[in-house]
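Here's the structure we're looking at; comments come further down.
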Amino acid sequence: MKFESLDAKMRKNETLFDQYVLPENYIIVRLDGKGFTKLTKESLDLEKPFDIRFHEAMVATTQHLLNSGFKVLYAYTQSDEISLLIDKFDNAFNRKVRKINSVLAGEASAFFSMYFNSLSVLDCRTICVPNEQMILDYFCWRQEDSHRNSLSAYCYWTLRNNGDTYSEATKKVEKLSMSAKNELLFQYGINYNNLPLWQKRGVGLFYKNVEKSGINPTNNQEVSFIRKEIFLDNELPIKESYRTYLLQIIKDSNLQQG
Ligand SMILES: Nc1nc2c(ncn2[C@@H]2O[C@H](COP(=O)(O)OP(=O)(O)OP(=O)(O)O)[C@@H](O)[C@H]2O)c(=O)[nH]1
Ligand SMILES: [Mg+2]
């Protein structure tokens with residue numbers, strides 16, 4: 001077979017399953033650490049249930065993704081996951097799903113591995129989001145997941161640290177309601193309300209216009225200018241206030257685009 005016809009045949013096979021995110025739909029991607037339960041326990045030997053070094057590595061990875069060629073309007077990280085909201089007019093890789101997933105998973109895995117000097121893999125999925133209400137629902141869902149998991153993790157590790165085996169602690173925590181979990185922690189002297197917000201709500205990152213000033217070297221005059229900087233929010237609001245907060249970020253990004 002001639003190279004040209006072989007090339008055409010092979011390329012057709014390669015692209016047969018290609019999918020694209022529809023134009024003018026927002027894109028949300030979620031990256032998640034693969035087997036991080038084992039990694040955090042064995043290779044990295046971290047504090048349980050939360051370790052600030054791990055959290056800082058996730059934040060640094062998220063910052064790296066904000067500079068990876070996509071127009072990210074808002075990023076959110078909790079536990080071993082990162083969500084990115086990508087602008088509905090972003091046309092990186094022609095919105096091809098396999099490129100979005102593989103490039104972002106590659107960027108995040110490489111960055112995180114180098115940060116901890118330990119081979120680490122994050123996967124990536126792409127979610128097509130047709131309207132703003134669904135964006136708000138999505139991020140409230142991930143934040144509620146963060147809250148539930150952190151409460152359960154605190155209960156689990158409190159029981160483990162007080163003599164329960166893996167299965168005893170797991171069974172006990174499974175049966176408890178949210179308020180009973182709070183009560184259990186209280187009995188062991190932990191007030192869940194007083195724990196750091198990043199452990200309960202996750203954190204948000206987005207670009208903000210910041211006014212800066214400097215000296216113009218040509219005439220020695222002071223000048224002010226606007227620069228985009230990544231802002232890290234460690235005190236995210238919750239529920240309805242979080243929806244309003246997110247909507248404002250989306251509106252601001254539309255205004256900046258003009
Ligand atoms: N010790 C410790 N573990 C953490 C921390 N943050 C997240 N983890 C762990 O990371 C894991 C994240 O959960 P999952 O994503 O469901 O578990 P996984 O093992 O990564 O499984 P897959 O994502 O399905 O591959 C949990 O076991 C958490 O306990 C931390 O700050 N300290
Ligand atoms: Mg994981």
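In listed order, ligands and their atoms are each counted from 1.
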Original post:
Looking at Leu46, which atoms of ligand 1 are within less than 4.0 Å of one of its heavy atoms?
Top reply: 1 (N)
Subject >> Backbone N/O of Asn149 and side chain of Ser152: donor-acceptor pair under 3.5 Å >> reply: no
Subject >> Residues forming a salt bridge (Lys or Arg N to Asp or Glu O under 4.0 Å) with Glu81, sequence neighbours excluded >> reply: Arg142
Original post:
Relative to the heavy atoms of Gly33, which atoms of ligand 1 are at a distance of less than 4.0 Å?
Top reply: 20 (O), 22 (P), 23 (O), 25 (O)
**OP:** Kindly say whether Gly106 contributes a backbone atom to a donor-acceptor pair with the side chain of Ser109 at under 3.5 angstrom?
**Re:** no
Original post:
Which of the atoms of ligand 1 are close to Asp32, meaning less than 4.0 Å from one of its heavy atoms?
Top reply: 15 (O), 23 (O)
Side-chain donor-acceptor pairs under 3.5 Å in residues 192-199, sequence neighbours left out?
residue : atom : partner : partner atom : Å
Tyr192  : OH   : His147  : O            : 3.3
Tyr192  : OH   : Ser150  : OG           : 2.4
Gln199  : OE1  : Tyr154  : OH           : 2.5

Enumerate donor-acceptor pairs with a distance under 3.5 Å from any side-chain N or O in residues 122-129 to protein atoms, sequence neighbours excluded.
residue : atom : partner : partner atom : Å
Asp123  : OD1  : Asp32   : N            : 3.3
Thr126  : OG1  : Asn101  : OD1          : 2.6

**OP:** Keeping the roles fixed (side chain from Thr15, backbone from Asp18), state whether a donor-acceptor pair exists under 3.5 Å.
**Re:** no
Original post:
In the protein, what heavy atom is nearest to atom 6 (N) of ligand 1, and what distance, to one decimal place, separates them?
Top reply: Phe54 CE2, 3.2 Å
Original post:
Can a donor-acceptor pair be found between the side chains of Ser83 and Tyr138 at a distance below 3.5 Å?
Top reply: yes
Original post:
Do you see a protein non-hydrogen atom under 4.0 Å from atom 16 (O) of ligand 1?
Top reply: no
Original post:
Short list, please: which atoms of ligand 1 are under 4.0 Å from a heavy atom of Glu47?
Top reply: 1 (N), 2 (C), 32 (N)
**OP:** Just go through Pro49, Ser79, Ala57, Gly35 and tell me whose heavy atom is the nearest to atom 7 (C) of ligand 1.
**Re:** Ser79
Original post:
What are the protein N, O or S atoms, given as residue plus atom name, that sit under 2.8 Å from the Mg ion (ligand 2)?
Top reply: Asp32 OD1, Gly33 O, Asp80 OD2
Original post:
So, Arg95 side chain and Asn25 main chain: donor-acceptor pair closer than 3.5 Å or not?
Top reply: yes
**OP:** Just jot down the ligand 1 atoms closer than 4.0 angstrom to any heavy atom of Lys48, in number order.
**Re:** 1 (N)
Original post:
Which word best sums up how the rings of Phe54 and Phe112 line up, parallel for under 30°, tilted for 30 to 60°, or perpendicular for over 60°?
Top reply: perpendicular
**OP:** Would you mind checking which non-hydrogen protein atom is closest to atom 14 (P) of ligand 1, with the distance to 0.1 Å?
**Re:** Asp80 OD2, 4.0 Å
**OP:** Would you check if the side chain of Ser120 reaches a backbone N or O of Ser118 as a donor-acceptor pair within less than 3.5 Å?
**Re:** yes
Subject >> Residue Lys34 vicinity, atoms of ligand 1 by number, heavy atom under 4.0 Å >> reply: 25 (O)
Original post:
Are any non-hydrogen protein atoms located under 4.0 Å from atom 31 (O) of ligand 1?
Top reply: yes
**OP:** Say whether Gln248 and Asp252, considering side chains only, have a donor N or O and an acceptor N or O under 3.5 Å apart.
**Re:** yes
Original post:
Considering only protein heavy atoms, which is closest to atom 11 (C) of ligand 1, and at what distance to one decimal place?
Top reply: Thr37 OG1, 3.7 Å
Subject >> Closest approach of any protein heavy atom to atom 9 (C) of ligand 1, naming residue and atom >> reply: Thr40 OG1, 4.0 Å
Original post:
Going by distance alone, is a donor N or O of one side chain under 3.5 Å from an acceptor N or O of the other, for Asp233 and Tyr245?
Top reply: yes
